Amino acid sequence: MKTENNFLKRLDGSIILILVAFLIVSLLFIYSSQQTGEYGAQNFALKQGINYAIGFVLLILVANLDMDQIKRLAWPAYIVLFLSIIVLRFSPKSIAPEILGAKRWFNIPVLGSIQPSEYFKIALIILVSSIISKHNTIHVNKTVKTDLMLIGKILLVATPPSLFVYQQPDTGMVFLYFIAIASMLYLSGLKRSLVAVFVIVPAIIGGILVYLYFYNPDVIFKDLVPLLKPHQQERIIGWLNPSENSDQAYQTSKSLLAVGSGEMLGKGYMKGNVYIPEKHTDFIFATVAEEGGFLFASFVILLFLLLIFRIIRIGHISDTDFGTYICAGIAFSMTVQIFQNIGMVVGLMPVKGISLPFLTYGGSSLFSNMMLMGIVLSIGKNHRQYMFAKKNDLVDTL
């Protein structure tokens, strides 16, 4: 009992409190979003409450692991989850149905829907962190050649599964994979010349696209957009030119109406009246802004900022580079995910199937994020253990 209490005391209380706050916000606004009547008797808020209960159990189980145990799980988890993604690709619709044109989930009795690509993100972050820390231990004197070797190793483990996930199709998840990898590589100490290439090349491409959009839009709409898949074309066209493509921009226009009509203080809880399809999932922030207004929406964003700050802080004080890389991958991929989701709700970004962490309804997204938080808590726990342990405790640990 005493050991259990000591374990709980070593966990970062700030992260736990933020997650509890997200639990309350998620349940309240999912319940409000489901009152449109389109979902029948389904109670998504109750299901989300059950998901959170399971999520906190997963968080505690993962937080109870130490860094060596997490590192040893890297390859087994990677292999199992990569195989599950491959199996998903070739599974019949009876166990892997297509939902809105995407084949991303296993539909398993009792367990419900499971999205392997969500859990693969955890395995990939852990494995890439392990590869980087091991590579840097071997190659202390870094050169462009050793840096390219490191990038090559990571591409070998990241590219094949990413191609399968892209075919589901789920470009948003693939984007998050490589955001996490890029942040870890940046902290690994790559040569500045390589970092410059990875920054300058995308910046040039982005600048060219912006120029074409304003001064030669036909190249964008007639030459480049048709190269994309049909669902991607609809989202890009609806984002770039919503006034002339009302069908493609339907969700965005409705979410903008919801957010704008909330004004400063909101319409009040359960008083939102703007209809948005699947409002309780990826567009949950529209309900938050409509009913809670600018002030409450800002409070939710502040919670996210505090969470990201705590993750970065724990990574900064981590006793190992392995822990630092993991925290970097989690913090930056989650930051981009939050920006993308809220950005699409307010029209700054194209619509993509990327959930808002901890608020969107769904099991796989919540479970994977709670497991990631468990890893962060494990990293912070180990630091606190060594920082505050008594001399005899340290001798026993060593």
Side-chain angles (χ1 to χ4, degrees), residues 15-16 18-19 22-23 26 30 47-65 70 73-74 76-85 87-88 96 99 102 104-108 111-129 158 161-162 164-165 168 170-181 183-184 281-282 284 304 307-308 311 325-338 340-341 352-379:
I15 289 181
I16 301 296
I18 292 170
L19 294 178
F22 282 141
L23 159 65
S26 179
I30 287 176
K47 293 179 181 178
Q48 185 75 343
I50 296 172
N51 288 338
Y52 253 105
I54 298 172
F56 272 108
V57 171
L58 291 172
L59 179 143
I60 296 299
L61 290 175
V62 174
N64 200 34
L65 301 174
I70 291 174
L73 287 171
Y78 171 88
I79 293 170
V80 169
L81 289 166
F82 185 12
L83 289 175
S84 69
I85 291 173
V87 171
L88 176 68
I99 302 176
R104 303 175 188 171
W105 303 269
F106 284 114
N107 192 4
I108 301 175
L111 295 178
S113 297
I114 297 177
Q115 187 178 353
S117 59
E118 278 281 0
Y119 300 102
F120 182 78
K121 178 172 63 178
I122 304 172
L124 186 62
I125 289 175
I126 296 173
L127 181 59
V128 170
S129 300
S162 296
F164 275 93
V165 174
Q168 291 179 354
D170 195 352
T171 53
M173 188 61 68
V174 174
F175 181 62
L176 293 180
Y177 291 165
F178 283 93
I179 285 293
I181 290 171
S183 63
M184 290 185 280
T281 56
D282 294 344
I284 188 67
F304 280 121
L307 179 64
I308 298 300
I311 297 172
Y325 298 141
I326 287 180
C327 287
I330 294 173
F332 283 91
S333 62
M334 190 170 289
T335 299
V336 170
Q337 185 174 354
I338 294 165
Q340 164 62 39
N341 182 277
K352 297 191 73 64
I354 293 182
S355 62
L356 185 59
F358 306 108
L359 296 190
T360 292
Y361 169 77
S364 292
S365 173
L366 180 61
F367 297 158
S368 65
N369 282 319
M370 292 296 271
M371 292 170 73
L372 287 172
M373 291 303 99
I375 295 173
V376 173
L377 290 175
S378 175
I379 296 169

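Just so we're clear, the structure is a prediction, and the values are computed from it rather than from any experiment.
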State, to 0.1 Å, how close [X] and [Y] come at their nearest heavy-atom pair, and which atoms those are.
X    : Y    : answer
L88  : W105 : CD1-O, 3.5 Å
I125 : L372 : CD1-CD2, 4.4 Å
I18  : L307 : CD1-N, 3.7 Å
A158 : I181 : CB-CD1, 3.6 Å
P161 : F82  : CA-CE1, 3.5 Å
Q48  : G362 : OE1-N, 3.3 Å

- Message: Under 6.0 Å between ring centres: does that hold for Y78 and F120?
- Response: yes
Spacing of [atom1] belonging to [X] relative to [atom2] belonging to [Y], to within rounding of 0.5 Å:
X    : Y    : atom1 : atom2 : value
L81  : L127 : CG    : CG    : 11.5 Å
I379 : L65  : CD1   : CG    : 11.5 Å
I354 : Q340 : CD1   : CD    : 4.5 Å
M370 : L23  : CE    : CG    : 8.0 Å
T281 : L359 : OG1   : CG    : 12.5 Å
S183 : F332 : OG    : CZ    : 6.0 Å

Would you say that [X] contacts [Y] through its side chain, given a criterion of any heavy-atom pair below 4.5 Å between the two side chains?
X    : Y    : result
M373 : I16  : no
N64  : I60  : no
F304 : T335 : no
L59  : M371 : no
I126 : L73  : no
Q115 : D170 : yes

- Query: Are the side chain of S378 and the backbone of G374 linked by a donor-acceptor contact shorter than 3.5 Å?
  - Reply: no
- Is a donor on one side and an acceptor on the other found under 3.5 Å between the side chain of N341 and the backbone of D282? yes
- Item | side chain to side chain donor-acceptor pair (under 3.5 Å) partners of residues 356-365, not counting sequence neighbours, each pair once | S355-S365
Got a list of side-chain donor-acceptor pairs under 3.5 Å for residues 172-180, not counting sequence neighbours?
| unit_1 | atom_1 | unit_2 | atom_2 | d |
| --- | --- | --- | --- | --- |
| Y177 | OH | S117 | O | 2.6 |

- Working for side chain to side chain contact (heavy atoms under 4.5 Å, CB included), residues F358 and N369: CA-CA 7 Å; F358 306 108; N369 282 319; 3.6 Å; yes
- Query: In terms of side-chain heavy atoms, does S368 have a donor or acceptor partner in K121 at a distance below 3.5 Å?
  - Reply: no
- Task: Before giving the answer on ring pair (Phe, Tyr, Trp, His ring centres under 6.0 Å), spell out for F367 and Y119 the whole-Å C-alpha distance, their side-chain angles and the decisive distance to 0.1 Å.
- Result: CA-CA 8 Å; F367 297 158; Y119 300 102; 7.1 Å; no
- Item | Residue Y52 excluded, over 12 heavy atoms near OH under 6.0 Å | yes
